[in-house]
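Have a look at the structure below, then the notes.
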Amino acid sequence: MHIEILKEAKSDLFRAAYFYESQASELGDYFFDSIIADIESLQLYVGIHVKVNGYYRLLAKRFPYAIYYKYTKTTIKIYAILDCRSNPNKIEKKLT
């Protein structure tokens, strides 16, 4: 199955990685690598996650982030990568 990270989700990912990099040296790289590993796990576990606002939500293993995606038989599309500590209204607005 092909994984496609949409432009908005890439922006979410790079913004979060920059935040963590500003907190501690190399933490941004660790965050980025961890999220990519979680996304790659969808090759095995696509579709088993809870649905939120019409998207499947994969909770990241090492950071308080959620990966929102949809899939077809051939493609997994990542729509957003959001901080779970954000205001729920902000998350809902981002997903609609």
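In this text the structure is predicted, and so the values were computed from the model without any measurement.
Using modelled atom types, no side-chain atom of S11 and backbone atom of K7 make a donor-acceptor pair closer than 3.5 Å.
When the side-chain contact (heavy atoms from CB on, under 4.5 Å) test is applied to V52, the partners found at least two apart in sequence or on another chain are V50, R57, Y68. Residues passing the side-chain contact (heavy atoms from CB on, under 4.5 Å) test with T74 are T72, sequence neighbours excluded. In this structure, Y45 has no side chain to side chain donor-acceptor pair (under 3.5 Å) partners at least two apart in sequence or on a different chain. For F14, the ring pair (Phe, Tyr, Trp, His ring centres under 6.0 Å) partners are F32, not counting sequence neighbours.
Two residues are said to be in side-chain contact when any heavy atoms from C-beta on lie closer than 4.5 Å; M1 and V46 meet this criterion. You'll find the side chain of F19 stays beyond 4.5 Å of the side chain of L27, heavy atoms only. Residues I36 and I5 form a side-chain contact, since some pair of their non-hydrogen atoms from C-beta on lies under 4.5 Å apart. In this structure the side chain of I3 reaches within 4.5 angstrom of the side chain of Q43, judged on heavy atoms.
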Full working for side chain to side chain contact (heavy atoms under 4.5 Å, CB included) between I78 and L6: CA-CA 6 Å; I78 309 298; L6 300 180; 6.0 Å; no
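When the side chains of ILVMFWY residues are joined at heavy-atom separations under 4.5 Å, either directly or via intervening members, L44 and I48 end up in a single hydrophobic cluster. Cluster membership check: L13 shares its hydrophobic cluster with L42, using side-chain heavy-atom separations under 4.5 Å among Ile, Leu, Val, Met, Phe, Trp and Tyr. Both F31 and L58 belong to a common hydrophobic cluster when Ile, Leu, Val, Met, Phe, Trp and Tyr are linked at side-chain heavy-atom distances under 4.5 angstrom.
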Cut-off 3.5 Å, no hydrogens considered: what does the side-chain donor-acceptor table look like for residues 79-91, sequence neighbours left out?
residue, atom, partner, partner atom, Å
D83, OD1, R85, N, 2.8
D83, OD1, R85, NE, 2.9
D83, OD2, R85, NE, 3.4
D83, OD2, R85, NH2, 2.9
R85, NH2, Y20, OH, 3.4
S86, OG, D83, O, 3.1
N87, OD1, N89, N, 2.8

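Note that K70 lies outside the cation-pi zone of Y56, set by a 6.0 Å cut-off to the ring centre and a 45° limit from the axis.
When each of K77, E4, H49 is paired with Y69, the side chain to side chain donor-acceptor pair (under 3.5 Å) condition holds for H49 and for no other.
Between A16 and Y65, the closest heavy-atom pair is CB-OH, 3.4 Å. In terms of heavy-atom proximity, K94 sits nearest to D12 at NZ-OD1, 3.0 Å. In plain terms, the two heavy atoms of I39 and I67 that are nearest each other are CG1-CD1, 3.8 Å.
Identified under the side-chain hydrogen bond (donor to acceptor under 3.5 Å, both in side chains) test for residues 22-40, with sequence neighbours left out: Y30-R62.
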